[in-house]
Amino acid sequence: ADKIAYLGRDIEDALAAGFITRSDVPDPIARVLGTTNGEIINALVIDLIEQSALQGEMGYSTEKYELLTRLQQFNYDRIYRHPRLMEYERYCMRIVRELHAYLCESYSRYTQGEAQTRSEVERAFFQYLDDLDACYARLDTSGPQRVTDYIAGMTDNYCLASFERITLPQPISFPL
């Protein structure tokens with residue numbers, strides 16, 4: 001289901017970003033599966049339902065499976081490894097590393113009983129830790145793993161906003 005959902009969506013996102021054009025999608029894929037998210041989902045879901053009913057187990061027809069595999073390879077070659085995305089990935093990795101280091105240091109202070117928080121980011125993180133304390137205690141999970149889990153659950157926008165909050169100074173308000 002995840003593959004069906006993201007392959008076509010990623011084609012449409014790449015079209016919107018100018019990474020590819022519709023004519024770049026290889027002919028057999030475009031002709032049989034389509035070039036829009038809706039067309040690709042429709043073709044793959046119908047095939048999955050029909051073939052699963054015929055075979056008595058979940059699966060695609062050989063043709064659709066081969067095209068799905070080719071579409072996935074096309075996406076890797078032309079979208080996921082696109083130079084602009086590779087550059088963006090380097091920035092994202094830096095953001096995640098900085099946020100991880102910040103929250104690991106915060107976790108260390110948190111476990112030492114330091115009640116004062118420096119930021120809204122810490123308050124949200126500490127609330128997360130409090131909410132999952134019983135689960136983490138049962139699993140004997142390390143602090144860095146807890147931080148990793150927290151960051152992994154963030155949306156892209158929340159991660160960026162959190163990074164912004166810990167790296168950019170808050171404006172100083174002066175009385176009029």
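By convention here, the first residue in the shown sequence is residue 1.
Counting only residues at least two apart or on different chains, the salt bridge (charged side-chain N to carboxylate O under 4.0 Å, His left out) pairs with a member in residues 4-21 are R9-E12, R9-D13. Residue pairs meeting the side-chain hydrogen bond (donor to acceptor under 3.5 Å, both in side chains) criterion with at least one member in residues 126-137, sequence neighbours excluded, are Y110-D130, Q127-D131, Y128-Y136, Y136-D149. Among pairs with a residue in residues 5-34, those fulfilling ring pair (Phe, Tyr, Trp, His ring centres under 6.0 Å) read F19-H82, at least two apart in sequence or across chains. Counting only residues at least two apart or in different chains, side-chain hydrogen bond (donor to acceptor under 3.5 Å, both in side chains) contacts with residues 154-166 comprise Y150-Y158. For residues 62-81, the pairs satisfying salt bridge (charged side-chain N to carboxylate O under 4.0 Å, His left out) are D24-R78, D77-R81, with sequence neighbours left out.
The side chain to side chain donor-acceptor pair (under 3.5 Å) search around S61 returns D47, not counting sequence neighbours. Partners of T111 according to the side chain to side chain donor-acceptor pair (under 3.5 Å) rule, which considers only residues two or more places apart in sequence or in another chain, do not exist here. Residues satisfying the side chain to side chain donor-acceptor pair (under 3.5 Å) criterion with N37, sequence neighbours excluded, are absent altogether.
Separating the CG atom in L7 from the CD atom in Q72 is a distance of 5.5 Å, to the nearest 0.5 Å. Taking CZ of F163 as the start and SG of C92 as the end, the distance is 10.5 Å to the nearest 0.5 Å.
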Show which side-chain atoms of residues 38-46 pair as donor or acceptor with protein atoms under 3.5 Å away, not counting sequence neighbours.
from: E39; atom 1: OE1; to: T35; atom 2: N; distance (Å): 2.8
from: E39; atom 1: OE1; to: T36; atom 2: N; distance (Å): 3.3
from: E39; atom 1: OE1; to: T36; atom 2: OG1; distance (Å): 3.4

Show me the side-chain donor-acceptor pairs of residues 52-60 shorter than 3.5 Å, one per line, residues at least two apart or across chains.
from: S52; atom 1: OG; to: L48; atom 2: O; distance (Å): 2.6
from: S52; atom 1: OG; to: G59; atom 2: N; distance (Å): 3.2
from: Q55; atom 1: NE2; to: Q51; atom 2: OE1; distance (Å): 3.1

Let me have the donor-acceptor pairs involving side chains of residues 94-103, under 3.5 Å, with sequence neighbours excluded, atom names and distances please.
from: H100; atom 1: NE2; to: P144; atom 2: O; distance (Å): 3.3
from: H100; atom 1: NE2; to: T148; atom 2: OG1; distance (Å): 3.0
from: Y102; atom 1: OH; to: S119; atom 2: OG; distance (Å): 2.9

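When all heavy atoms are compared, the tightest approach of L15 to T21 is CD2-C, 3.4 Å. Closest approach of M154 to C159, counting heavy atoms only: SD-CA, 3.7 Å.
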Q) Checking side chain to side chain contact (heavy atoms under 4.5 Å, CB included) for the pair I79/I11: CA distance, chi angles, key distance, verdict? A) CA-CA 8 Å; I79 301 169; I11 291 284; 4.1 Å; yes

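Linking ILVMFWY residues whenever their side-chain heavy atoms come closer than 4.5 Å, directly or via other members, leaves Y88 and I20 in distinct clusters. Side-chain heavy atoms closer than 4.5 Å link hydrophobic residues (I, L, V, M, F, W, Y) into clusters, and following such links, even through other members, never connects L139 to Y107.
By the 4.5 Å side-chain criterion applied to Ile, Leu, Val, Met, Phe, Trp and Tyr, M86 is assigned to no cluster and stands alone.
Side chain of R146 to main chain of T141: a donor-acceptor pair is present (N/O by atom type, distance under 3.5 Å, no hydrogens or angles).
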